[in-house]
Amino acid sequence: IAGFESVRVKRIGLFGSSLDLSESSLMRSDRRRRQEGGLRKVSSSQDESISHLEEARTIYEDFGGKRGLLNVCSSLAVIYERVGDYPGSIVHWERVRMYAEELASINSIIRALEGKARLIRNQGRDSSLVIEMYLEALDFTKKNDLNENRAEILNTLGILEWERGYFEAAIGYYEEAFIWFIGNADKIHAGLMLNSIVASLIKLGRTAEARIRLEKALELHEVSGEKKLHAHALSMLGDLNRENQQLEEALLMYRKSLGMRWDIEDRVGEGWMLERISHVHLLLGDLQLARDSASKALEIAIECGERKLQEACKNLLTLESL
């Protein structure tokens with residue numbers, strides 16, 4: 001989110017739940033086929049899984065098992081997305097939505113909306129359509145008091161607004177999610193929301209507000225022990241110090257952030273901190289230190305395939321050669 005890195009709410013268990021659902025549906029469909037005289041066992045390969053699940057879907061359609069159809073179509077949507085067949089996945093998320101409405105399964109409706117929106121977004125299509133779908137999902141969470149889902153969707157909406165440059169709107173979503181997370185003593189995700197708010201405030205040039213919110217964010221990260229978020233907050237404080245010509249203070253923040261990147265083996269983050277450190281050394285007139293840091297950052301950028309970091313480092317090295 002802060003230009004060089006993006007942090008998302010961890011949908012802990014969501015992908016695992018999708019896999020569990022796929023596995024349970026496969027077992028159910030296999031049992032049904034054996035009961036109906038099926039000849040094959042469920043294969044672990046994705047092609048076989050799709051074949052079996054499509055067969056199971058046909059059986060459920062013949063027998064009118066809507067709950068089975070909902071589960072099978074959910075599994076198919078997940079697998080089609082995994083293999084990169086986005087149109088196939090979208091078709092099945094639409095079926096999930098249809099069966100979920102017939103069964104009044106609100107969680108499945110929300111999941112279908114999120115699944116389809118995610119795929120449309122990944123295809124690079126109109127972001128306003130994606131936002132519209134997430135807003136519909138958000139409305140379902142409000143009407144049904146699904147507050148945890150609501151907070152996660154609010155974060156996603158904040159990210160979407162951020163990506164299209166609507167930083168004020170992004171802050172509104174992040175603030176609402178922050179209130180829920182902090183009210184439920186979820187310090188990790190509350191800290192994440194504050195990082196996102198700070199990044200948005202910086203984009204709007206509201207640096208005084210950003211500093212105030214950063215103080216609270218750093219307190220939360222210290223308590224939660226979430227080093228990646230802590231390192232991110234420190235780097236933003238370094239950016240604010242650098243822009244305010246507080247170069248020694250900026251260098252200190254970047255070095256603290258760098259140390260945390262080492263601790264969590266975040267090579268890309270390490271590269272960006274070295275790039276930031278190089279920039280400060282250049283401003284201080286320490287050309288050799290600037291060159292050394294930029295060179296190390298460039299090595300990491302090449303190693304990790306980070307093109308933006310490579311470009312930033314090459315630009316710095318060009319400046320240092322002047």
Side-chain angles (χ1 to χ4, degrees), residues 1-7 162-163 165 167-168 170-171 174 191-222 226-264 266-301 304 306-322:
I1 279 192
F4 62 89
E5 60 185 339
S6 177
V7 189
W162 163 278
E163 289 178 344
F167 303 114
E168 199 72 60
I171 289 172
Y174 292 139
L192 168 59
M193 293 303 97
L194 282 179
N195 277 16
S196 300
I197 290 166
V198 169
S200 303
L201 288 170
I202 291 172
K203 282 289 187 179
L204 291 169
R206 291 155 58 180
T207 55
E209 292 176 69
R211 281 184 180 275
I212 293 170
R213 303 307 291 273
L214 258 179
E215 289 179 10
K216 180 62 178 177
L218 288 167
E219 287 177 14
L220 286 174
H221 301 326
E222 190 71 42
E226 180 53 57
K227 287 191 175 182
K228 185 164 188 177
L229 293 177
H230 199 163
H232 184 205
L234 288 169
S235 69
M236 288 192 289
L237 184 53
D239 290 342
L240 289 173
N241 288 335
R242 187 181 66 182
E243 289 175 15
N244 203 35
Q245 297 303 307
Q246 297 170 292
L247 300 182
E248 293 294 344
E249 290 87 344
L251 199 57
L252 178 61
M253 294 302 105
Y254 291 146
R255 283 173 175 162
K256 284 185 176 181
S257 180
L258 177 62
M260 290 186 177
R261 313 287 181 165
W262 287 337
D263 290 344
I264 60 176
D266 175 11
R267 289 288 281 167
V268 174
E270 179 185 343
W272 277 112
M273 287 307 93
L274 287 167
E275 186 270 346
R276 293 290 202 276
I277 288 169
S278 173
H279 200 159
V280 175
H281 281 311
L282 186 61
L283 293 172
L284 288 169
D286 300 327
L287 297 185
Q288 187 57 52
L289 290 174
R291 189 174 299 110
D292 291 345
S293 295
S295 297
K296 290 176 184 175
L298 181 58
E299 288 177 11
I300 292 171
C304 299
E306 288 289 319
R307 292 186 178 180
K308 287 185 179 180
L309 180 55
Q310 289 181 43
E311 291 173 9
C313 293
K314 288 175 180 176
N315 289 338
L316 273 174
L317 289 167
T318 300
L319 287 173
E320 290 156 14
S321 67
L322 295 177

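In this structure, a donor-acceptor pair under 3.5 Å is present between the side chains of Arg291 and Gln288. No donor-acceptor contact under 3.5 angstrom links the side chains of Asn315 and Glu311, judged on distance only.
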Working for side-chain contact (heavy atoms from CB on, under 4.5 Å), residues Leu282 and Leu287: CA-CA 6 Å; Leu282 186 61; Leu287 297 185; 3.5 Å; yes

Candidate pair Glu306 and Ile300, rule side-chain contact (heavy atoms from CB on, under 4.5 Å), full reasoning: CA-CA 8 Å; Glu306 288 289 319; Ile300 292 171; over 6 Å; no

Steps toward side-chain contact (heavy atoms from CB on, under 4.5 Å) verdict (Trp162, Ser196): CA-CA 9 Å; Trp162 163 278; Ser196 300; over 6 Å; no

Steps toward salt bridge (Lys or Arg N to Asp or Glu O under 4.0 Å) verdict (Arg276, Asp239): CA-CA 8 Å; Arg276 293 290 202 276; Asp239 290 342; 3.1 Å; yes

Intermediate values then yes/no, side-chain contact (heavy atoms from CB on, under 4.5 Å), His221 and Asn195: CA-CA 10 Å; His221 301 326; Asn195 277 16; 2.9 Å; yes

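In terms of heavy atoms, Val280 sits closest to Leu247 at CG1-O, 3.6 Å.
In terms of the side-chain hydrogen bond (donor to acceptor under 3.5 Å, both in side chains) criterion, Gln245 has no residue partners (sequence neighbours excluded). When the side-chain hydrogen bond (donor to acceptor under 3.5 Å, both in side chains) test is applied to Ser293, no partner is found at least two apart in sequence or on another chain. Applying the side-chain hydrogen bond (donor to acceptor under 3.5 Å, both in side chains) rule to Glu270 yields the partners Trp262, Arg267; only residues at least two apart in sequence or on another chain are considered.
A salt bridge links Glu168 to Arg206: one of the charged nitrogens lies within less than 4.0 Å of a carboxylate oxygen.
The CH2 atom of Trp272 sits 12.0 Å away from atom OG of Ser278, with the distance rounded to the nearest 0.5 Å.
Listed for the Asp286 side chain is no donor-acceptor partner under 3.5 Å among the backbone atoms of Leu289.
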